[in-house]
Amino acid sequence: MSPSLAVDLAGLRLANPLVLASGIWGCAAETLVRAARAGAGAVTSKSCSVAPRTGHPNPTVLPWAGGLINAVGLANPGAAEERLILQEAHKSLIPLGVSLIASIFGSTPDDYAEAAELVAGAQPEILEVNISCPNVASEFGLPFALEPDAAAAVTRAVRAAYAGRVFIKLSPNAVNIVEVAAAAAEAGADGFTAVNTLGPGMLIDITARRPILSNRVGGVSGAALRPIALRCIHDVTRAIGLPVIGTGGVDSGEAAIQMIMAGASAVGVGSALLGEGDAVFSRLQREMLTIMQHEGIASLEEIRGCAHAG
Amino acid sequence: MSPSLAVDLAGLRLANPLVLASGIWGCAAETLVRAARAGAGAVTSKSCSVAPRTGHPNPTVLPWAGGLINAVGLANPGAAEERLILQEAHKSLIPLGVSLIASIFGSTPDDYAEAAELVAGAQPEILEVNISCPNVASEFGLPFALEPDAAAAVTRAVRAAYAGRVFIKLSPNAVNIVEVAAAAAEAGADGFTAVNTLGPGMLIDITARRPILSNRVGGVSGAALRPIALRCIHDVTRAIGLPVIGTGGVDSGEAAIQMIMAGASAVGVGSALLGEGDAVFSRLQREMLTIMQHEGIASLEEIRGCAHAG
Amino acid sequence: MLDNIYQVMRVTERIPEGKCGATLVLDGELPCQAGQFVMVWLPGVEERPFTLVNDTPVTLTVAAIGPLTRALAGLEVGARVWLRGPYGHGFPPPGRRLLVLGGGSGIASLALLARRALAEGAEVRTYIGARTTDLLMLPWYPHWSTLTLTTDDGSQGIHGNVLQAAAEQFAWADGIYACGPEPMLAALARSRRSDWPPCWINLERVMRCGIGVCGSCHCGSHLVCADGPVFNLEQVTAELLAPPH
Amino acid sequence: MLDNIYQVMRVTERIPEGKCGATLVLDGELPCQAGQFVMVWLPGVEERPFTLVNDTPVTLTVAAIGPLTRALAGLEVGARVWLRGPYGHGFPPPGRRLLVLGGGSGIASLALLARRALAEGAEVRTYIGARTTDLLMLPWYPHWSTLTLTTDDGSQGIHGNVLQAAAEQFAWADGIYACGPEPMLAALARSRRSDWPPCWINLERVMRCGIGVCGSCHCGSHLVCADGPVFNLEQVTAELLAPPH
Ligand SMILES: Cc1cc2nc3c(=O)[nH]c(=O)nc-3n(C[C@H](O)[C@H](O)[C@H](O)COP(=O)(O)OP(=O)(O)OC[C@H]3O[C@@H](n4cnc5c(N)ncnc54)[C@H](O)[C@@H]3O)c2cc1C
Ligand SMILES: Cc1cc2nc3c(=O)[nH]c(=O)nc-3n(C[C@H](O)[C@H](O)[C@H](O)COP(=O)(O)OP(=O)(O)OC[C@H]3O[C@@H](n4cnc5c(N)ncnc54)[C@H](O)[C@@H]3O)c2cc1C
Ligand SMILES: Cc1cc2nc3c(=O)[nH]c(=O)nc-3n(C[C@H](O)[C@H](O)[C@H](O)COP(=O)(O)O)c2cc1C
Ligand SMILES: Cc1cc2nc3c(=O)[nH]c(=O)nc-3n(C[C@H](O)[C@H](O)[C@H](O)COP(=O)(O)O)c2cc1C
Ligand code: FES
Ligand code: FES
């Protein structure tokens, strides 16, 4: 019998664990649907806020030796407009059996709650609450995901405003990510996406003699983030019994399996679309199946969290 | 006129800014001296504590796609024995004109002070206080470098016990590294080494189905750390007028120049010895000179911190 | 590991383009397919996509319409420009009879195609349109083979638009290559007849990453930076004809 | 980017080595120079350096002296072993007359050298010593050409140590290759005469990284993992003769 890639994510059945991560491709219904057709088990939209935002000026997204660095600055058309995009996407995603994850953010707990209410109409399978973007600190101060109390406050507000599944997006930059996750769990989270980008980091161009990103600093993603992400997922899932979408530097079937072994229920893929586009989803599926066959793994459930032992 | 690599580091003149980072090679007098002969402007010894430590069992140091990950666990022969190593090294370093940086750590402020007193006899040019090792958390709790008050307490204790230059080694994992540095500066630090390893991170072997490091997690160094290190150095030097040894992922003359532009007075080199050994020091010197010639930079002082502007 | 994100080049020659902007010849090379683009950064200003008008030496034609393009078009000889790329997919190898249709600065993306086709012995018939004479770009380019200019106000060349002027050439060509304002491309899509040869167009969108990650350049489900900027007209007809939302 | 830190191999054959341990033949290949080593990891146990006794298929000879080596030596056919490497620098190309001197498990590092030299038509005279018969390793190895065993207690072969037994061969050889306990290597360094052929020795140190970073394997200013493990005797004579500190 050939191994199965199907997973359960907070009661949702995904045909495979691969999830298009927020902010990659997901500004339009058409690109979300395209990622779904290409083999994503679920797709996440770009984070939206109540008010539209133009984001930071370019340069905002750059490839470097270890992956990507970005300070898009949460450009989005606003949650009301985003609802229309999500509704359009959802229509095409339902027949494909691919789940829709809607990402929101805000500047205060109430702001988050309002964004949640605005996108609720699109009935996404999961609402992802981005409390961990490192690229808007000059505007909003430190991300809520760095502090257990702040994370709990946002979770509580969204929980009160929204009836569906709420996933909190955690930061790899928290000094104690388990405490943050525990506070959010206590406040009503149904699961987590772990993790958002690392840092922030800075690139300097030595001929220009200045930071490259217009925002000076940006979040680090891709391969450089992977070991940090694995530790975060390992620690959070070992401590807390909620499902996690393990995200950060997944660019191979091997890395996806590592995420599951660390305890993830599903696996986010973002920076790996660089170069390869949505072909990454079928490649990762193939590579995962090859590994499972070789290692005698019939289902991902069998190995989920196996790295906790020992 | 050919450009000069000489720098001033807290009143010390280094023939070039490259500093062998702590924990790389530096367990023996002979290897410290070898790095100096190969072209380091200063060399840092492996961190030592009052009591000897055997460190963690293997695997402890692993190469991965983004650099190294390590959880040596601060293996060292104890500060009294280390003093002898430092003395022996110092004898050979003085005629070479290469400065000696002695690294210490401890479990309490008093412990740090005692280690400082023990190595003081070797009269290192700089005492580096490692308050930022992420690999001994299970033993010691979170590093002092994550909290301004904790960092200040260690700095104060060492300052009271030791008359020479005290550099505090900062962590890239602090939520607000500037606050930590400011507290240490206030408590009497003469400068900083920024940064220690990132994370910690985790590697998982999918066939073994477990974390690879015996300590499960370890500090991430090398290229993956570079953008984070640059941001830390930029932020600390922009806010605080003390010299910084910029460390993290420097593996080219370009990266060394980036560190100086971010505000560093000297540049630590650790993981880049992988593969190339101490030949890295002459290569980086050559590459820096080529860049300086090409960009019309006569001295490093000319470009130090130039990325702060704009 | 070097990041090597940007290559820095210096302007060696600046050719004014009427009131529109300028063509900049730089002192570096970036081997590319005709139709590929680079992201061009001026520190402290902005970073935007620009077609490679030539790759050896790198040549850019810039229509000064905003902060970056005004700064670029005003650069003196010796000034520095930062580039990353080339990115995207260019034109497929052309046939023997190319009909080249350009409106505004779009014409820049067809220049290298024409130059190479001409060098291979193909015939190129080029139509360039603009609102007025002052806004014509690259009319001096030596590789258009035969060139017809059009202006909306009749101040130079044929009075009218490029599609009207070129109407009779559609049967002659074995490939149509178009770039310009989206209404022009939409008009092309609307008038497309089944007996035309293959039509290739070059789309423009606001870009952030330029490398297929951020999604900001999407046109329907296509990413202009990674799937294009060159598309077969059929691929994007639906998007060109859809009402903007 | 794959990390590909370890290769996993399975034991296909296990050859007992007296009371000492075992030789394990694995189902993989790791092309190497004779004298190079791998870091071998058994999850949950330890990771240590081991010489490649053969590279195709990978073969390890293990003296069971501690946790990892006992676990390794006890592995059944089919069990898995994790390896990274090969690391370090091996022996330079040998001449025509090799004198091979091994004490204890050190002999493992000379096996591939002897095998390849023999295949090239060289003559190999091997002396293996141990405290007692039970502790002799690789005495069965078919590529020693001529083999002389010595035991400290005379229980097998010549009574005495390897250096004494091989004394007359030093003039015959055009290269001396030695590995074994450090006192044996120090004795070799002390008795070194200027008319001997070049002497190559294989050092052992406790290793963490195996790749020249951590410094734990240093021997004086040399790093055994990155500069060695094979050294010319002259390079390390001072360190071998220095009192331990
Ligand atoms: C693949 C590609 C190749 C290009 N090649 C060239 C080229 O060779 N030469 C050239 O001059 N330009 C080219 N462009 C367009 C160029 O990138 C824009 O002119 C540039 O973004 C304007 O930058 P700015 O900072 O000067 O002005 P901005 O302030 O960015 O723009 C000024 C005005 O133009 C609008 N605008 C900006 N970009 C676009 C766009 N792409 N489409 C429609 N409206 C836009 C803005 O909304 C604003 O109203 C290309 C674009 C793409 C996508
Ligand atoms: C380059 C290199 C190649 C090697 N090749 C082989 C090989 O082919 N076969 C083989 O059996 N062994 C080899 N060794 C030695 C092997 O690594 C050790 O036997 C192993 O470390 C013992 O591991 P353990 O966990 O079983 O015992 P441990 O608990 O690590 O050691 C048991 C005892 O041996 C001592 N010890 C451990 N390692 C060493 C050492 N390197 N030198 C001196 N004393 C030591 C310890 O201090 C302890 O007293 C090699 C070592 C090096 C450096
Ligand atoms: C260009 C870009 C934009 C992103 N935008 C968002 C966003 O809007 N909201 C969010 O929660 N995460 C955002 N992220 C973070 C990703 O969702 C993901 O958590 C991170 O990139 C790590 O995964 P990766 O290494 O697979 O890219 C963005 C990442 C990138 C590279
Ligand atoms: C194997 C290893 C051991 C280290 N040991 C120490 C140590 O004992 N004390 C310390 O302050 N830093 C230690 N570090 C951190 C380095 O000094 C340095 O801060 C870090 O590796 C980042 O620099 P790099 O990217 O150039 O390696 C160690 C790093 C490595 C890779
Ligand atoms: S510009 Fe980012 S996907 Fe095209
Ligand atoms: S084992 Fe680390 S330097 Fe040799």
Side-chain angles (χ1 to χ4, degrees), chain A residues 20-21 23-35 37-38 45-46 54-73 75 77 81 84-85 88 92 203-214 221-222 224 270-278, chain C residues 1-10 28 38-50 66-69 71 79-85 87-89 205-228 235-236 238-239 242 244-245:
Chain A
L20 177 72
I24 287 85
W25 279 34
C27 6
E30 296 95 325
T31 45
L32 287 167
V33 173
R34 178 173 162 187
R37 283 194 217 283
S45 60
K46 171 88 190 154
T54 52
H56 299 306
N58 272 353
T60 48
V61 186
L62 294 163
W64 66 287
L68 288 173
I69 188 160
N70 92 82
V72 168
E81 173 72 19
L84 304 178
I85 295 174
E88 188 190 332
S92 306
L203 299 176
I204 291 177
D205 186 286
I206 59 169
T207 57
R209 304 190 184 187
R210 61 155 70 216
I212 300 176
L213 292 166
S214 73
S221 58
S271 302
L273 270 75
L274 172 59
E276 183 174 15
D278 56 7
Chain C
M1 273 202 250
L2 290 183
D3 297 332
N4 273 336
I5 296 175
Y6 293 100
Q7 294 195 43
V8 201
M9 299 186 190
R10 278 185 201 280
V38 284
M39 297 296 286
V40 177
W41 176 45
L42 282 187
V45 189
E46 250 287 358
E47 184 201 44
R48 297 280 184 216
F50 292 86
L68 176 67
T69 45
R80 283 179 161 191
V81 176
W82 283 253
L83 306 96
R84 59 187 174 99
Y87 293 136
H89 291 94
R205 281 291 181 282
V206 175
M207 290 185 181
R208 287 180 177 279
C209 68
I211 47 177
V213 172
C214 70
S216 55
C217 67
H218 84 102
C219 168
S221 68
H222 307 287
L223 296 175
V224 171
C225 69
D227 303 323
Q235 281 181 281
V236 290
E239 286 79 10
H245 66 176

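Reminder, nothing fancy here: chain letters follow the sequence lines and each chain counts from 1.
If you tally non-hydrogen atom pairs under 4.5 Å between each of A/D278, A/I212, A/I24 and chain C, the highest count goes to A/I212. Contact count versus chain A (heavy atoms, under 4.5 Å) is highest, among C/R80, C/H222, C/R84, C/R208, for C/R208. Of the listed residues A/T60, A/T31, A/T207, A/L274, the one with more heavy-atom pairs under 4.5 angstrom with chain C than any other is A/T207.
If you measure heavy-atom distances from A/S214 to chain C, you find no contacts under 4.5 Å at all. Both the backbone and the side chain of C/V213 come within contact range of chain A, each with at least one heavy atom under 4.5 Å from a heavy atom of that chain. Proximity to chain C (any heavy atom under 4.5 Å) is shown, for A/L32, by neither the backbone nor the side chain.
A/V61 and A/V72 make their closest contact through CG2-CG2, 3.5 Å (heavy atoms, listed as atom of the first residue, atom of the second, distance). The two atoms that bring A/H56 and A/A71 nearest to each other are CD2-O, 3.1 Å, heavy atoms only.
Note: C/L223 CG to A/W25 CH2 = 5.0 Å, rounded to the nearest 0.5 Å. The line from OG of A/S271 to CD1 of C/I211 is 9.0 Å long, rounded to the nearest 0.5 Å.
Across A/D205, A/L62, A/N58, a single residue satisfies side-chain contact (heavy atoms from CB on, under 4.5 Å) together with C/W41, and that is A/D205.
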